[in-house]
Amino acid sequence: ENNVYWGTEEIYFAKVSGRLGFSFAGGTDNQYYENDSSVYVTKIAPGGAAALDGRLQVNDKITSVNGTNLADVNHEMARRALGSDPTGIKLSLARKCIHIRLVSDKGSYGLGLRGGADSNTPVIVSRIRPDSPAASHPDLLVGHELTRVNGASISAKTHNEVLAMIKG
């Protein structure tokens, strides 16, 4: 039971040394994907503001910046919106998500996870054990972020709370 859907998130982070720490492409005059004028994150600078915050991801679609809608804007208008606040930025994002269903093997899924609300970082797949239910799923990769477990959001859950939700 795999389906792709767009998840949404709003994030705020402060600039570091006056910079956001990510690159973007898109706009009506600079399409990143053919026939799509949306604005996308293309690179996260290591050690930059976005990387230190940890929530922004390459290929995230930026739908608004500090309340300014980025639908049908050109690249320069997107650049101006992204630079409009000298201290930080509030982004509304859309992210392609995949619903994956795993069946445990004797109580194990073969996943290693890191992160959680207690460390103020997203929950990320850090390890996939070979010959496990997780390894048999081609759409699940190390580095993927978990956003829900059994349909429930994990955004405010600690690492141990997420593990308990997975174990049921």
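Both backbone and side-chain heavy atoms feed into the values below; hydrogens, waters and symmetry mates do not.
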Any side-chain heavy-atom pair of L91 and D60 under 4.5 Å: no
Residues which pass ring-ring contact (aromatic ring centres under 6.0 Å, His included) with H159, listed by chain and number, not counting sequence neighbours: none
Applying a strict under-4.5 Å side-chain criterion to I, L, V, M, F, W and Y, I'd like to know whether I100 and V123 cluster together. yes
Looking at every heavy atom in both I89 and L82, which two are closest together, and how far apart are they? CD1-CD2, 3.5 Å
Is there a path of hydrophobic side-chain contacts, each under 4.5 Å between heavy atoms of I, L, V, M, F, W or Y residues, that connects F22 with V73? yes
Say whether I124 and F13 are linked into one hydrophobic cluster, either directly or through other cluster members, by side-chain heavy-atom distances under 4.5 angstrom. no
Under the 3.5 angstrom rule, does the side chain of N74 hit a backbone N or O of G27 as a donor-acceptor pair? no
Suppose we screen for salt bridge (Lys or Arg N to Asp or Glu O under 4.0 Å). Which residues come up paired with R148, at least two apart in sequence or across chains? none
Give, for atom OG of S126 and atom NE2 of H144, the distance between the pair rounded to the nearest 0.5 Å. 13.5 Å
Would T42 and V58 satisfy side chain to side chain contact (heavy atoms under 4.5 Å, CB included), going step by step from the backbone distance to the final call? CA-CA 5 Å; T42 57; V58 169; 5.7 Å; no
Main-chain N/O of L163 paired to K157 side chain as donor or acceptor, under 3.5 Å: no
Residue pair H75 / F24: nearest heavy atoms and the distance that separates them: CE1-CE1, 3.3 Å
Look only at the side chain of S136 and the backbone of P133, and say whether a donor-acceptor pair between them is shorter than 3.5 Å. yes
So, T87 and D85: side-chain donor and acceptor under 3.5 Å apart, yes or no? yes
Minimum heavy-atom distance between A78 and V39, given as atom pair plus value: CB-CG2, 3.9 Å
Inter-residue atom distance S64.OG - K90.NZ, 0.5 Å rounding: 7.5 Å
Check whether any side-chain heavy atom of W6 sits under 4.5 Å from a side-chain heavy atom of K96, and report yes or no. yes
Under the side chain to side chain donor-acceptor pair (under 3.5 Å) rule, what do T158 and N160 come out as? Steps first, then yes or no, please. CA-CA 5 Å; T158 67; N160 286 336; 5.7 Å; no
Taking salt bridge (Lys or Arg N to Asp or Glu O under 4.0 Å) as the definition, give me every residue that meets it alongside E9, ordered by chain and number, with sequence neighbours left out. R95
Nearest-0.5 Å distance that lies between atom CG in L146 and atom CD1 in I154: 5.0 Å
To the nearest 0.5 angstrom, please state how far the CG atom of N150 sits from the CZ atom of R101. 9.0 Å
For Y33, which residues count as a ring-ring contact (aromatic ring centres under 6.0 Å, His included) partner, sequence neighbours excluded? Y40
Locate the shortest heavy-atom distance separating D139 from I98; write the atom from each residue and the value. CB-CD1, 4.3 Å
Which residues share a salt bridge (Lys or Arg N to Asp or Glu O under 4.0 Å) with R19, sequence neighbours left out: none
In this structure, would L52 and L20 fall into the same cluster of hydrophobic residues linked by side-chain contacts under 4.5 Å? no
Taking only residues two or more places apart in sequence or in another chain, which ones pass ring-ring contact (aromatic ring centres under 6.0 Å, His included) with Y109? none
Would a distance-only check, ignoring hydrogens and angles, find a side-chain to backbone donor-acceptor pair under 3.5 Å from R55 to Y12? yes
Least distance between heavy atoms, L102 atom then H137 atom: CD2-CB, 4.1 Å
Are the side chain of T63 and the backbone of S92 linked by a donor-acceptor contact shorter than 3.5 Å? yes
For S37, is there any backbone N or O sitting under 3.5 Å from a side-chain donor or acceptor partner on T28? no
For residues V125 and M165: do they belong to one hydrophobic cluster (side chain heavy atoms under 4.5 Å, members Ile, Leu, Val, Met, Phe, Trp, Tyr)? yes
Heavy atoms, side chains only, cut-off 4.5 Å: are L93 and I62 in contact? yes
Answer yes or no: is there a donor N or O on one side and an acceptor on the other, between the side chain of D105 and the main chain of S132, under 3.5 Å? no
A51 versus A45, closest heavy-atom pair with distance: CB-O, 3.4 Å
